[in-house]
*Asks:* 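Handing you this structure, nothing more for now.
Order of appearance sets the numbers: ligands from 1, and atoms from 1 within every ligand. This chain uses plain numbering: 1 for the first residue, then up along the sequence.
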Amino acid sequence: MPSVSASSLVKNLIRSEILALSAYHVPDSSGYIKLDAMENPYLVPLALREEIAALVAGAAINRYPDPNPFALKQQICELLDLPEGMAVLLGNGSDELIQLLAMAVSKPGATLLSVEPSFVMYRMIATFIGMRYVGVPLAADYSLDLAATLAAIRREQPALVFLAYPNNPTGNLFSAEAVRQIIAASPGLVVVDEAYYAFACDSFIPHLAEFPNLLVMRTFSKLGMAGLRLGFLAGSAVWLEQLEKLRLPYNVGVLPQLVAAKLLERHDVLLQQAGQIKLDRAALYQQLSEIKGVTVYPSEANFLLLRVAKATAVFEGLKQRGVLIKNLNGGHPMLNDCLRVTVGTPEENERFIAALQESIG
Ligand SMILES: *Cc1c(COP(=O)(O)O)cnc(C)c1O
């Protein structure tokens with residue numbers, strides 16, 4: 001019998017900042033109306049699913065995936081209408097790309113900067129990789145505090161800046177002019193994270209060529225492919241060439257490659273669903289704004305941020321009534337008493353509104 005316990009070995013060997021982390025908590029959602037994770041509530045039409053089934057039936061899953069799926073990348077480049085000299089790099093969801101970017105620039109003492117509240121994975125991945133993290137508070141209305149952000153960039157000289165555009169969990173689109181000033185003032189790489197591009201009315205992809213330090217990151221997760229895990233970085237081949245060296249060779253599996261290629265052939269179907277979600281977002285926003293005691297914030301994403309008195313009690317009340325959303329209370333001081341709800345189908349949204357009214361009482 002060895003004389004040391006696993007837990008004492010763990011304490012000795014695991015980095016202290018990892019020991020201090022709590023694992024990213026994903027609640028069990030079975031049986032709930034699931035409005036917590038910004039998923040598209042719709043499957044694609046049956047005929048298209050049958051085409052996918054036939055493709056999957058014939059897939060060579062005994063083989064490793066294509067390590068560099070040229071045709072799929074080409075398809076994405078064409079959809080984006082990428083400027084000359086620009087390319088894409090595929091990731092196992094965009095979370096993997098955040099990690100890859102951080103790994104690439106994490107020289108000793110290097111800093112990752114973002115704004116707060118924003119996507120929590122920026123901070124978490126900085127910790128995983130051992131980078132310094134700086135979070136600049138947003139203004140009270142969740143717009144960028146441009147002066148504070150520019151001052152932090154001058155002071156901290158971050159190697160990597162992430163801006164979610166639109167922002168999660170606040171839902172708003174930052175001022176494009178402010179983002180441009182941040183990119184222009186940054187000595188390091190700036191990644192504009194467009195996870196919600198399908199629900200927004202602006203993008204930095206057309207501006208890639210204007211800034212040598214800009215990359216745009218997107219994911220297909222919020223557009224109806226969360227289960228496939230496929231994201232990409234778009235930008236200058238000069239950057240992507242270096243990042244390619246760090247990408248694990250088989251990060252996108254055979255089935256995600258096949259299915260994504262088929263679905264992107266029918267990008268119109270997905271965008272039509274996104275269009276429906278945008279209409280339903282407007283209706284949901286209107287309904288929420290009419291409920292006494294609810295403050296709802298404008299959104300260019302497929303979710304809405306709301307503030308109520310006693311958010312945790314309201315969240316639990318919704319859960320008891322079978323509706324799972326995201327409780328942001330306690331996560332960040334600027335999100336006290338805030339909840340985030342994904343726009344679902346019209347029926348799901350109705351169930352949510354009814355359950356919310358009962359929970360507020
Ligand atoms: C959901 C989300 C992502 C991650 O998406 P993947 O599913 O990992 O592709 C990245 N950025 C933001 C802002 C998000 O909300």
*Asks:* May I ask you to decide if the ring planes of His267 and Tyr197 are parallel, tilted or perpendicular, using 30° and 60° as cut-offs?
*Replies:* parallel
*Asks:* Check the side chains of Glu290 and Gln286 for a donor-acceptor pair under 3.5 angstrom, ignoring hydrogens and angles.
*Replies:* yes
*Asks:* Any heavy-atom pair between the side chains of Leu328 and Leu305 that's under 4.5 Å?
*Replies:* yes
*Asks:* Taking atom CD1 of Ile61 as the centre, does the number of heavy atoms from other residues, nucleotides or ligands within less than 6.0 Å exceed 12?
*Replies:* no
*Asks:* Which residue supplies the protein heavy atom nearest to atom 13 (C) of ligand 1, what is that atom called, and how far is it?
*Replies:* Asp193 OD2, 3.3 Å
*Asks:* Does Gly93 reach ligand 1, in the sense of a heavy atom lying below 4.0 Å from it?
*Replies:* yes
*Asks:* Below 4.0 Å, non-hydrogen atoms only: which portion of Asp95 touches ligand 1? Side chain, backbone, both or neither.
*Replies:* both
*Asks:* Taking heavy atoms and a distance under 4.0 Å, where does Ala195 meet ligand 1: side chain, backbone, both or neither?
*Replies:* side chain
*Asks:* What do you reckon, does Arg229 have a nitrogen or oxygen under 3.5 Å from a nitrogen or oxygen of ligand 1?
*Replies:* yes
*Asks:* Does only the side chain of Tyr196 get under 4.0 Å from ligand 1, or the backbone, or both, or neither? Count heavy atoms.
*Replies:* side chain
*Asks:* Please check if any side-chain donor atom of Asp66 sits under 3.5 Å from a side-chain acceptor atom of Gln257, or the reverse.
*Replies:* no
*Asks:* Between Asn172 and Tyr142, is there a donor-acceptor pair closer than 3.5 Å when you use the side chain of the first and the backbone of the second?
*Replies:* yes
*Asks:* What protein heavy atom lies closest to atom 5 (O) of ligand 1? Include the residue and the distance to one decimal.
*Replies:* Ser94 OG, 3.3 Å
*Asks:* Can you tell which part of Lys222 has a heavy atom less than 4.0 Å from ligand 1: side chain, backbone, both or neither?
*Replies:* side chain
*Asks:* Under a 4.0 angstrom heavy-atom cut-off, which atoms of ligand 1 come close to Ser221?
*Replies:* 6 (P), 7 (O), 9 (O)
*Asks:* Do Lys326 and Pro169 have side-chain heavy atoms sitting under 4.5 Å apart?
*Replies:* no
